[in-house]
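Comments concern the structure below.
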2 protein chains.
Amino acid sequence: MRRIAPERADLLSIIGEVFREHGYEGASLALIGAATGLGKGSLYHFFPGGKEEMARAVIAHIDGWFEDNVFAPLRDNADPRAGIEHMFEATDSYFRSGRRVCLIGAFALDDSRDLFSGQIRDYFGRWITSLAEALTRSGYRPGEASELAEEAVAVIQGALTLARAASDLDIFSRALRRVRMRLEPPAKI
Amino acid sequence: MRRIAPERADLLSIIGEVFREHGYEGASLALIGAATGLGKGSLYHFFPGGKEEMARAVIAHIDGWFEDNVFAPLRDNADPRAGIEHMFEATDSYFRSGRRVCLIGAFALDDSRDLFSGQIRDYFGRWITSLAEALTRSGYRPGEASELAEEAVAVIQGALTLARAASDLDIFSRALRRVRMRLEPPAKI
DNA sequence: ACGTCATTGTACCGGTCGGTACAATCTCTC
DNA sequence: GAGAGATTGTACCGACCGGTACAATGACGT
């Protein structure tokens with residue numbers, strides 16, 4: 001349960017889509033204003049720190065969604081396989097089967113990476129470690145689990161890039177299906 | 001053998017690094033001028049089309065390097081396994097083991113994607129199809145080869161993102177090693 | 001030495017950027 | 001309905017953006 005006023009959550013979603021679509025530098029205050037229907041007065045009222053604070057809040061908002069819908073289930077579900085399954089469903093749903101791109105991944109490549117490096121590192125780090133933990137519980141050796149988790153997150157990120165590059169959403173679905181299959185069998189040693 | 005004057009190739013490399021480091025929008029003419037030591041007069045003399053032509057030329061330059069050092073070997077090497085091995089070595093070398101990011105991948109996520117969508121689609125498309133062709137020749141069924149190729153390129157792209165996000169170059173090396181191992185065995189049907 | 005053409009530095013353009021200032025308005029409490 | 005605080009529109013700022021114009025300089029064949 002997050003104590004964010006619903007209006008603010010909606011606002012962050014809208015601003016997030018602008019950042020997602022145009023990148024940090026490309027998301028001008030004019031675009032953000034047009035998308036939200038708010039003028040600069042309002043935007044700077046809600047985000048006194050300006051564009052940088054907006055981006056930070058948007059990243060935190062996305063991070064919170066993944067924490068609630070992906071990372072926590074991976075860590076907390078008594079059945080690690082169910083947690084992993086949940087991750088794939090949430091991931092496919094979040095990225096709209098490849099229609100959406102990963103804003104945090106885009107920021108990691110962007111010029112903006114230095115501004116948000118802590119948040120970015122944290123997001124991917126927690127994704128990988130929580131997935132690795134679930135894989136370990138499901139029977140993989142810790143080292144193997146860690147590498148598999150890294151690879152799975154990399155495939156997801158890369159597939160989003162390729163799907164966007166090729167304008168072919170199926171690339172993402174195929175990649176998700178393949179990596180899901182690979183993670184399914186418990187360690188066969 | 002490409003008939004580009006060496007100075008122009010060097011120029012494209014330098015400009016490419018600016019785009020790679022700052023993205024399309026972030027790479028201002030001031031930055032490009034500082035990196036190359038050329039003023040606007042010279043830049044617009046060599047690239048009358050301005051920044052967009054520079055980016056197009058840079059993408060074509062990178063695409064040419066991959067064509068010569070990755071795609072062609074994949075297609076032409078009589079031993080497909082050797083071609084694939086060559087791809088991994090060239091890829092690790094090009095991306096400096098994760099120190100460098102994929103400019104074309106970054107452009108695919110960027111706001112600039114619409115400007116260069118044809119070139120971007122072509123680059124990734126040829127990478128995937130030439131790798132799939134080599135995998136087919138090495139014994140995989142065409143469908144499986146195609147999916148494997150897609151996945152391999154996705155892992156490479158995603159690992160570059162993660163390596164940058166985590167400031168941990170080893171992520172890229174590990175990913176490359178894993179996917180190399182996966183592609184090695186011929187189809188075991 | 002000349003003419004030619006490639007190359008360059010510099011000044012300038014209109015437009016947009018992120019950000020600030022501030023007065024007007026809205027909303028809610030007492 | 002008075003007052004207070006939250007919210008908003010608008011005008012404005014200096015800086016920088018990509019791009020253009022053009023005169024000065026350079027290199028070079030003749």
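Chain A is the first sequence line, chain B the second, and so forth, proteins listed ahead of strands; every chain is numbered from 1. In this text, all values refer to a predicted model and were calculated from it rather than measured experimentally.
Residues passing the side-chain contact (heavy atoms from CB on, under 4.5 Å) test with A:Glu133, sequence neighbours excluded: A:Arg75, A:Arg137. With sequence neighbours excluded, no residue forms a salt bridge (charged side-chain N to carboxylate O under 4.0 Å, His left out) with A:Glu25. For B:Phe172, there are no ring pair (Phe, Tyr, Trp, His ring centres under 6.0 Å) partners two or more places apart in sequence or in a different chain. Taking B:Asp92 as the reference, nothing meets the salt bridge (charged side-chain N to carboxylate O under 4.0 Å, His left out) condition, with sequence neighbours excluded. For the salt bridge (charged side-chain N to carboxylate O under 4.0 Å, His left out) test, residues two or more places apart in sequence or in another chain that qualify with A:Glu150 are B:Arg174. In terms of the salt bridge (charged side-chain N to carboxylate O under 4.0 Å, His left out) criterion, A:Arg99 has no residue partners (sequence neighbours excluded). Residues passing the side chain to side chain donor-acceptor pair (under 3.5 Å) test with A:Glu85, sequence neighbours excluded: A:Arg180.
Salt bridge present: B:Glu144 and A:Arg178 bring a charged side-chain N and a carboxylate O closer than 4.0 Å.
Protein chain A contacts DNA chain C over a range whose 5' and 3' limits, counting nucleotides with an atom under 4.0 angstrom from a non-hydrogen atom, are C:dC17 to C:dT20.
Non-hydrogen atoms lying under 4.0 Å from DNA chain D are contributed by B:Lys40, B:Tyr44, all within residues 35-45 of chain B.
For residues 49-60 of chain B, the set of pairs meeting the side-chain hydrogen bond (donor to acceptor under 3.5 Å, both in side chains) definition, not counting sequence neighbours, comprises B:Glu52-B:Arg56.
Between the P atom of D:dC17 and the CD atom of B:Glu52 lies a distance of 18 Å, rounded to the nearest Å. To the nearest angstrom, P of D:dC17 lies 13 Å from CD of B:Glu25.
For A:Pro48 and A:Ser28, each mapped to the nucleotide of DNA chain C holding its nearest heavy atom, the one lying further toward the 5' end belongs to A:Ser28.
Over its length, the helix from C:dA1-D:dT30 to C:dC30-D:dG1 turns its helix axis by 10°, as judged from the five terminal pairs at each end, rounded to 10°.
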Can I get a per-line list of side-chain donor-acceptor pairs under 3.5 Å for residues 39-48 of chain B, giving both atom names and the distance, sequence neighbours left out?
none

